[in-house]
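The shown structure was predicted, so the numbers you read here are calculated from the model rather than taken from an experiment. We're numbering straight along the sequence, starting at 1.
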Amino acid sequence: MSGAGARVGVGTRFRYDGETVEVVEMAATTAGNEVVLKDSRGQVRRLTLKELLFTDRAVVIPERAGPSAGDVEEIASVVLGQLREDERHVVLERAEHVREVLSGYRSGSPELAREGEPRPEYASGELLEAKYAAKAAELGVGARSVRRWVALFREHGEAGLVPGRGHARGSAASADPRWVETALEVMAEYTDQARPSRTLVIERTRARVIARFGPEVVAQPSRATAFRILQELERRHPLFRLSTKRNRDIADRPGGPYGKLRPTRPGEYVLMDTTRLDVFGCDPLTLRWVQAELTVAMDWYSRCITGIRLTPVSTKAVDVSAVLFQCFRPRPAGRDWPRGAVWPEHGIPRTVLVDVDGATVGGLASPPLVPETLVVDHGRVYVSEHLTSVCRRMGISIQPARLRTGRDKGPVERFFRTLREGLLEVLPGYKGPDIHARGELPEADAFFFLDELEEIIREWIAVVYHCRPHAGLVDPGVPGLRMSPAQMFEHGMARAGYIEAPRDPDLAFEFLATKWRTVQHYGVEIDRRRYRGPGLPAPGIRSPYEGPVKNGWPFQIDPDDITHIYFRDPATRVWHTLTWEHAPAAGMPLSEDALVFARKLAASKYRYPDDRLAVADLLERWNLGLGTTLPERRIALRLSREQTALELPSTGVPEAGSLPSVRRALGEDSRPAGPPVAEPPVAEAGDDDEADLGPVDEDDFYADALEDV
């Protein structure tokens, strides 16, 4: 009988439901083999043999010793898997010697006999003790060692011949466990404190062990051994090698395995977060570097970026609303973007369509989605009453992440790292993730305006990020298949059968701020700006609203683009776009703060300025780079972000450094970025024409201009 087997028959004992029972009868029936069990109280029960052998309620009590799953020895694969190649060679060679002692053949079989086998001293007629002595003399070891090898080989095979490895010298397992646990306790106390030296931790551990257990009770390791123990404990509780912030993050990890939400379709969860970019942007007024923040919205299922917003200095609540605005109304794609990077205007992937060319006119930079749940952090810009109210009306649930728990938004945090490693590192002005990684003068290369930087990021997302396979995007049915975010979006449509697309794109206007104004014969006046357009109520019609302004009507305002406002007719519920009368003078989006500043500039220069003259003068001043004060710089940054998108031709999935927008900004591509834009009218500026100025040194131009100011 094999040592792994146990006889089951009359007289065999089992542990059933915690008590000992014995088989008193076995019978074959039409339903299968059955057994009759009797316990110590004489009670009898009848069970099928299948239930007795395969249920967790019953355990057989073997009659003789044998291997058990609870044995302290490691299994053979674990023992052999820890060997190096040279150690494995020694074990296999020793096994051949043992087989020669037992059978006369190193292979253990006469059919695989080698030349000269069996040798006379190991022939089958020799006594086993004589074979032990011959093998000991051959290998230069004692006969007792050979006898022990044979016994271990008979019991465990080759795994039994592995020499006892013991514990590594100076490891935590070889030291007193009380000293090790105390050292780990001391290391944990420094999680929220400044990083200590290893010597301090050793001395504090030594003093605490003596105070807790008494002197000469716990063996104190030597200094060298203590250093090796701390190095091993560093893997359990990092303290000396990583930064203190990283150590705190590791210490805050949950004790059990990580859990996460598992989205089943696109749009089910949308992650939103803001990060400070590790690259400087250029201030268009002072030509100095400035930091910028990036706000993104990511579809968790497909990892598609559905909206981005680059802001100077800090992020406002209006920027978060603008990102959600892009989820409902995505921005148009670049005209020269490759076909695979452009989404159809309806957002449905091309693989779902039959007539692809007929259905694709223009295109979008990202798919339109309606989030079911927003996962955001606790920043004030994400919990404003306006944003939460609009999300409540549209049925969008807001799920705040836990405080200081970045893993709750793990995919978007990983996107920020991918953006830094895949794009920002190759851009001029890159300053690294922290001050320790910063170069000597990273701001010396920063000449990207913020609008250029945003368009470069937007193009990289569409051309590279959305088209590159991600290790985290897998199909459980085909684990080896790696998909890109665009392919995962198509997979989600095929899997769920639908996507949550905006039922009405005009719902996006509800994310904008509201201002109350009356309607006059000339239109609507907001902060001395007059707007006109179709759909505006006639003057004299009483407003049905009881707002803060008597007989006032609500108008939706985008503070970063005041060239247009939006009005919804209360009778027809149709949205109308109203245009500022001086919008053609700007030639680009204009922020509200910029117009206020432009009026101040015009008032200090002209006796009777108007908005058209103020805007033209501001654009001229901005183009010359004459801004010097902090308000001027901030306003110019907002202006630069709202400029018309650059033309960014690209094909395939290029590297970040080969993106056309980057090459043009670096001066490596002389092709124009797009069609020429008509210059806005400017006020008469005297007789300082370009022909009269003569040659100008570009390096000293702005320095002289700033010095004069």
*What distance separates Leu473 CG from Met488 CE, expressed to the nearest 0.5 Å?*
5.5 Å

*For residues Leu419 and Leu277, determine if any side-chain heavy atom of one lies less than 4.5 Å from a side-chain heavy atom of the other.*
yes

*Taking atom types as modelled and ignoring hydrogens, do the side chains of Ser302 and Asp299 form a donor-acceptor contact shorter than 3.5 angstrom?*
yes

*asked:* As an exercise, state the distance from OG of Ser107 to CD of Glu117, rounded to the nearest 0.5 Å.
replied: 6.0 Å

*Take Glu421 and Arg417, measure what salt bridge (Lys or Arg N to Asp or Glu O under 4.0 Å) needs, and give me the verdict at the end.*
CA-CA 6 Å; Glu421 296 178 349; Arg417 177 183 170 185; 3.0 Å; yes

*Hey, are the side chains of Trp149 and Leu139 touching, using non-hydrogen atoms and a 4.5 Å cut-off?*
yes

_Any side-chain heavy-atom pair of Met298 and Val375 under 4.5 Å_ = no

_The test is side chain to side chain donor-acceptor pair (under 3.5 Å); show your working for Thr205 and Thr182 and say whether it passes._
CA-CA 6 Å; Thr205 302; Thr182 305; over 6 Å; no

*What is the minimum heavy-atom distance between Pro263 and Tyr301, and which atoms define it?*
O-CD1, 3.4 Å

*Any luck finding a side-chain donor-acceptor pair between Arg223 and Thr199 under 3.5 Å?*
yes

*Does His491 have any ring pair (Phe, Tyr, Trp, His ring centres under 6.0 Å) partners at least two apart in sequence or in another chain, and if so, which?*
none

*Salt-bridge test for Glu232 and Arg228: reply yes if a basic N is under 4.0 Å from a carboxylate O, no otherwise.*
no

*Checking salt bridge (Lys or Arg N to Asp or Glu O under 4.0 Å) for the pair Arg119/Glu100: CA distance, chi angles, key distance, verdict?*
CA-CA 9 Å; Arg119 292 187 288 177; Glu100 187 176 20; 2.9 Å; yes

_Nearest 0.5 Å, please: how far is CZ in Arg420 from OG1 in Thr275?_
9.5 Å

*Does His470 have its ring centroid less than 6.0 Å away from the ring centroid of Tyr465?*
yes

*asked:* For the CD atom of Glu158 and the CZ atom of Arg88, what is their distance to the nearest 0.5 Å?
replied: 10.5 Å

*Any chance you could lay out the salt bridge (Lys or Arg N to Asp or Glu O under 4.0 Å) test for Glu22 and Arg13, step after step, and finish with the verdict?*
CA-CA 4 Å; Glu22 183 180 350; Arg13 295 185 302 164; over 6 Å; no

*Testing His97, Arg99, Arg106, Glu138 for side chain to side chain contact (heavy atoms under 4.5 Å, CB included) with Tyr122, which one passes?*
Glu138

Anything under 3.5 Å between a donor and an acceptor, one on a side chain of residues 89-96, the other on a protein residue two or more places apart or in another chain? List them.
| unit_1 | atom_1 | unit_2 | atom_2 | d |
| --- | --- | --- | --- | --- |
| Glu96 | OE2 | Arg114 | NH2 | 3.1 |

*Evaluate the side-chain proximity of Val59 to Phe14: yes if any heavy-atom separation is below 4.5 Å, no if none is.*
no

*Which atoms form the tightest heavy-atom contact between Val270 and Pro371, and what is the distance?*
CG2-CB, 3.5 Å

*Point-to-point distance, once rounded to the nearest 0.5 Å, from CG of Leu37 to CD of Glu19*: 10.0 Å

*asked:* Can you see whether Phe240 has Arg195 sitting over its ring - NZ or CZ less than 6.0 Å from the centre and within 45° of the normal?
replied: no

*Distance-minimising heavy-atom pair for Met272 and Val323*: CE-CG1, 3.8 Å

*Does atom CD of Gln193 have more than 12 heavy-atom neighbours from other groups under 6.0 Å away?*
yes

*Test log, rule side chain to side chain contact (heavy atoms under 4.5 Å, CB included), inputs Leu230 and Ile202*: CA-CA 8 Å; Leu230 292 185; Ile202 293 173; 3.5 Å; yes

*asked:* Would you say that Leu271 contacts Pro411 through its side chain, given a criterion of any heavy-atom pair below 4.5 Å between the two side chains?
replied: yes

*Thinking salt bridges, do Arg309 and Glu293 make one under a 4.0 Å N-O criterion?*
no

*Do Glu268 and Trp300 meet the criterion of a side-chain donor-acceptor pair at a distance under 3.5 Å?*
no

_Arg241 side chain to Pro238 backbone, donor-acceptor under 3.5 Å_ = no

*asked:* Between Glu185 and Glu189, is there a side-chain heavy-atom distance shorter than 4.5 Å?
replied: yes

_Show, in sequence, the C-alpha distance, side-chain angles and deciding distance for Asp273 and Val376, and conclude whether the side chain to side chain contact (heavy atoms under 4.5 Å, CB included) test is met._
CA-CA 6 Å; Asp273 200 5; Val376 299; over 6 Å; no

*How far apart are the closest heavy atoms of Gly9 and Val23, and which atoms are they?*
O-CB, 3.3 Å

*Heavy-atom pair with the smallest gap, counting every atom of Glu234 and Leu242*: OE2-N, 4.4 Å

_His466 and Ile461, any side-chain heavy atoms less than 4.5 Å apart_ = yes

*OG-CZ distance between Ser222 and Phe227, expressed to the nearest 0.5 angstrom*: 10.5 Å

*Heavy-atom closest pair, residues His237 and Met187*: O-CE, 3.4 Å

_Tyr269 vs Leu374 side-chain heavy atoms within contact, under 4.5 Å_ = no

